[in-house]
Amino acid sequence: MDKILVTTALPYANGPIHLGHLAGCYLPADVYVRYQRLRKRNCIHIGGTDENGVPITIKAEQEGKTPREIVDYYHKTIKESFAKFGIKFDNFSRTSIPLHYKTSQDFFLNLHGKGYIVPKIQKQFFCPRCQRFLPDRYVEGTCPYCGSEGARGDQCDECGKWLEPLDLKNPRCKLCGSTPVYRKTKQWFFRLDLLEPRLKEWLVSKRDWKENVRSFTLGWIKQGLKPRAITRDISWGIPVPLPEANGKVLYVWFDNVIGYISSTKEWAQKLGEPEKWRDYWFSQDTRLVHFIGKDNIVFHAINWPAMLMAHGEFILPSQIPANEFLTIEAKQMSTSRNWAIWLDDYLDRFPPDPLRYVLASNAPERSDSNFTWDGYRMKTNNELVGTFGNLVNRTLQFINSYMGGKIPEKSSLQAADMEVLNKINEKKKEVGDAYENFSPKRATEKFMELAREGNRYFDYSKPWELRKNDRERLSTVIWLATSLIANLGVMAEPVIPFTAEKIKNFLGIKHWEWDDVVGEIINQGAQLGKTEILFKPVSRGKIVLERRKMMGNIIRFSEFEALDLRIAEIKGAERIEGTDKLIKLLVDTGGDTRDLVAGIGNVYEPEELIGKKIVVLLNLEPKKIRGVESRGMLLAAVHDGKPVLLTVDADVPPGCVVS
RNA sequence: CGUGGGGUAGAGCAGUGGUAGCUCGUCAGGCCCAUAACCUGAAGGUCGCGGGUUCGAAUCCCGCCCCCACAACCA
């Protein structure tokens with residue numbers, strides 16, 4: 001039987017997890033794994049934290065802690081927030097454990113023994129003022145290829161060329177700005193160049209890879225591969241296992257990926273079958289799938305397969321479904337500018353499933369995608385609450401209210417019923433294909449279509465009428481609606497597992513799986529478990545708070561000045577028909593007279609409004625509400641959910657500027 | 001200068017040769033089982049611009065314009 005080994009990029013243990021990590025890597029992986037499990041396939045999810053390297057030592061220095069304290073803290077928080085969010089790992093390891101040290105060192109020695117790793121005395125930059133060798137990215141200078149000023153030691157961002165620090169002209173230490181000096185030091189290099197032909201051939205054969213991954217990789221390798229240093233002169237990391245390499249450690253990109261192997265080993269040990277990891281890594285019938293973000297493509301599609309090829313015993317990746325990036329409110333995420341939504345912070349106030357759903361349905365699969373709080377609210381309220389949750393609720397409520405809380409038994413099926421059954425099967429196929437092809441986005445779309453189908457069936461069948469005149473037909477209709485819900489639960493489980501679990505309990509189903517026959521998934525006559533509302537609507541106010549929080553509470557004066565606030569006099573007021581609290585106001589703003597729509601009818605009567613001087617925001621974008629174009633907004637204090645109009649302390653003419 | 005991605009209805013997106021689609025929003029109607037939720041219908045796009053290939057192009061080719069990422073330890 002085929003095995004699937006899923007890995008997710010090891011998050012660097014110097015900060016918490018944010019939405020970008022989830023959308024690009026961990027959620028798609030978790031969805032994929034959960035789907036495979038539902039299909040009873042042998043699939044394990046391996047991960048862990050990356051805990052070596054310079055940035056962690058710098059973070060430790062900044063916070064006056066030891067690197068050990070830093071990685072311990074972040075390993076714990078990352079692990080916890082994944083667990084709370086429902087990202088399930090079979091093993092979540094860390095690269096600072098002895099097992100990983102040994103695995104990495106063995107790997108190094110293996111390649112070294114085969115001549116793929118060679119030493120080279122190298123002149124490397126040493127900053128006399130900082131008293132340290134400078135990592136590649138901490139050296140800046142002029143790019144030798146394109147002449148750009150701000151090139152880093154590892155790569156020029158202007159022309160995209162991969163560089164060695166010594167290539168740079170006019171080098172500077174990025175930490176202190178002083179000119180570094182050359183110092184001789186011995187480093188070990190991985191002969192990527194030797195693997196280039198094989199690598200190229202292998203990559204070209206990967207026609208089923210996502211286009212973004214494939215084209216990026218092939219473009220990269222066209223530049224040609226050079227030996228790449230894999231050791232460094234720092235103290236925090238895995239010692240190079242050679243007697244002459246005292247004080248050197250493995251460079252993180254080399255040991256990080258090996259973490260997938262050591263984490264699998266750890267998993268096997270914990271299982272009490274320490275050799276079991278070999279079933280995966282040494283077996284040609286294992287599909288090795290690496291979920292990563294797009295910034296990791298080169299390491300996983302070039303360096304890592306090259307390492308595996310050089311070693312020779314391990315299988316090679318069969319899929320690398322890298323996603324693009326997720327922006328927040330159309331702006332690139334940035335930790336330093338604090339433009340990010342942190343998972344643990346989100347989970348303090350919101351449940352996991354709505355975010356899982358929103359991120360899955362808006363996943364950056366082919367191009368960057370954008371997360372907005374308003375979009376989050378819309379999707380939650382319209383799709384999860386309105387369509388999905390409501391279908392479940394209206395059906396189960398019906399059973400509870402009118403059918404004694406027991407799942408009814410079907411009798412003969414009509415054409416409409418058969419159509420629905422076919423629809424379920426059809427959607428199941430489509431949703432399954434979507435999961436299989438790494439598209440949770442498409443999967444959510446398809447299972448939501450089924451939920452709509454369910455609502456339609458419910459409406460057309462009119463069970464509230466059948467209840468009075470055709471109990472037999474009623475039973476069949478509700479049976480089918482309930483079956484649909486159960487199947488919907490199965491299909492949606494990879495994306496919204498907490499919700500699926502609830503549905504399972506509502507229906508008294510102990511166990512379900514993908515291949516359950518559509519019409520037989522529920523037990524006729526079974527008593528419903530305790531039911532509850534699946535999703536709560538997200539209020540506008542809650543979203544406003546989140547956005548404010550993220551943008552910070554300070555605005556520029558110019559931003560305030562952009563608001564055209566004026567005094568206006570109410571000339572006319574009338575209720576808008578068919579609404580509870582909307583009032584159409586005619587106001588004199590000094591310059592013109594215009595309509596405003598205000599939701600104050602629950603507190604004010606139109607008559608009492610006339611003649612009042614109020615504060616109005618004039619340059620708000622016009623909005624059509626119930627057929628009336630509202631050109632501006634009146635300001636009111638809101639107390640206990642009720643508006644109180646802002647007025648002026650002395651009589652001033654309409655049009656008077658508020659500042 | 002380069003690399004990668006993108007420009008399709010008010011918004012967010014799907015659609016790789018054959019009458020332009022989805023969700024939301026807007027407008028109108030229906031229903032009352034359900035979390036003011038559900039269902040139906042309508043309006044709304046010269047598919048970034050200009051050429052070309054083709055019986056036929058959002059979709060293929062050429063040229064151009066615009067946006068984003070590739071810096072601050074951000075997947």
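Excluded from the calculations below are hydrogen atoms, water molecules and symmetry mates; all remaining heavy atoms, backbone and side chain alike, are included. Residue numbering restarts at 1 for every chain, and letters A, B, ... go by the order of the sequence lines.
One finds no side-chain N or O of Arg452(A) lying less than 4.0 angstrom from the OP1 or OP2 phosphate oxygen of C38(B).
Rounded to the nearest Å, the gap between the C1' atom of C49(B) and that of A58(B) is 14 Å. Using atom P as the reference point in both G63(B) and C38(B), the two lie 49 Å apart (nearest Å). For the C1' atom pair drawn from C24(B) and G48(B), the interatomic distance equals 24 Å after rounding to whole Å. Between U8(B) and U23(B), the distance separating the two C1' atoms is 15 Å to the nearest Å. Here, A36(B) and C31(B) have their C1' atoms 13 Å apart, quoted to the whole Å. Using atom P as the reference point in both C47(B) and G10(B), the two lie 13 Å apart (nearest Å). On the C1' atoms, A28(B) is 10 Å away from A43(B), given to the nearest whole Å. Separation of the P atoms belonging to C64(B) and C1(B) is 12 Å when rounded to the nearest angstrom.
With U40(B), A75(B), C24(B) as the candidates, the nucleotide lying closest to the side chain of Met378(A) is C24(B). Of the listed nucleotides (C39(B), G25(B), C73(B)), C39(B) has the atom at the smallest distance from the side chain of Arg456(A).
The partner of A42(B) is U26(B), judged by Watson-Crick or G-U wobble contacts that both fall below 3.5 Å. In a base pair of the Watson-Crick type (N1 to N3 plus N6-O4 or O6-N4) or a G-U wobble (N1-O2 and O6-N3), with each distance short of 3.5 Å, A69(B) is matched with U3(B).
Taking atom CG on Leu326(A) and atom P on G5(B), their separation rounds to 19 Å, with Å as the unit. When the C1' atom of C68(B) is taken as reference, atom CZ of Phe371(A) falls 20 Å away, rounded to whole Å.
Not a single side chain to side chain donor-acceptor pair (under 3.5 Å) links Ser81(A) to another residue, sequence neighbours left out. In this view, Thr499(A) and Asp353(A) satisfy the side chain to side chain donor-acceptor pair (under 3.5 Å) rule, not counting sequence neighbours. His290(A) is linked by a side chain to side chain donor-acceptor pair (under 3.5 Å) to Thr7(A), Trp304(A), counting only residues two or more places apart in sequence or in another chain. Partners of Arg456(A) according to the side chain to side chain donor-acceptor pair (under 3.5 Å) rule, which considers only residues two or more places apart in sequence or in another chain, are Glu453(A).
Salt bridge annotation for Lys429(A)-Glu426(A): absent, with no cationic side-chain nitrogen under 4.0 angstrom from a carboxylate oxygen. Salt bridge absent: Asp72(A) and Lys65(A) never bring a charged side-chain N and a carboxylate O closer than 4.0 Å.
For Glu472(A), the CD atom sits in a loose shell: 12 or fewer heavy atoms of surrounding residues, nucleotides or ligands are nearer than 6.0 Å. For Phe350(A), the CZ atom is densely surrounded, since the number of other residues' heavy atoms within 6.0 Å is greater than 12. Atom CZ of Arg442(A) sits in a sparse spot, with 12 or fewer heavy atoms from other residues, nucleotides or ligands closer than 6.0 Å.
Within the nucleic acid shown, Lys294(A) comes within 4.0 Å of sugar-phosphate atoms alone, with no base atom in reach, counting heavy atoms only.
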As a quick check of understanding, evaluate side-chain contact (heavy atoms from CB on, under 4.5 Å) for Leu22(A) and Phe82(A), giving each step before the final call. CA-CA 9 Å; Leu22(A) 292 175; Phe82(A) 275 148; 4.1 Å; yes
Each nucleotide of nucleotides 30-35 of chain B classed B (base within 4.0 Å of a protein heavy atom), S (only sugar-phosphate) or -, in 5' to 3' order, makes BSSBBB
Protein N or O to nucleotides 8-14 of chain B N or O, pairs below 3.5 Å:
none

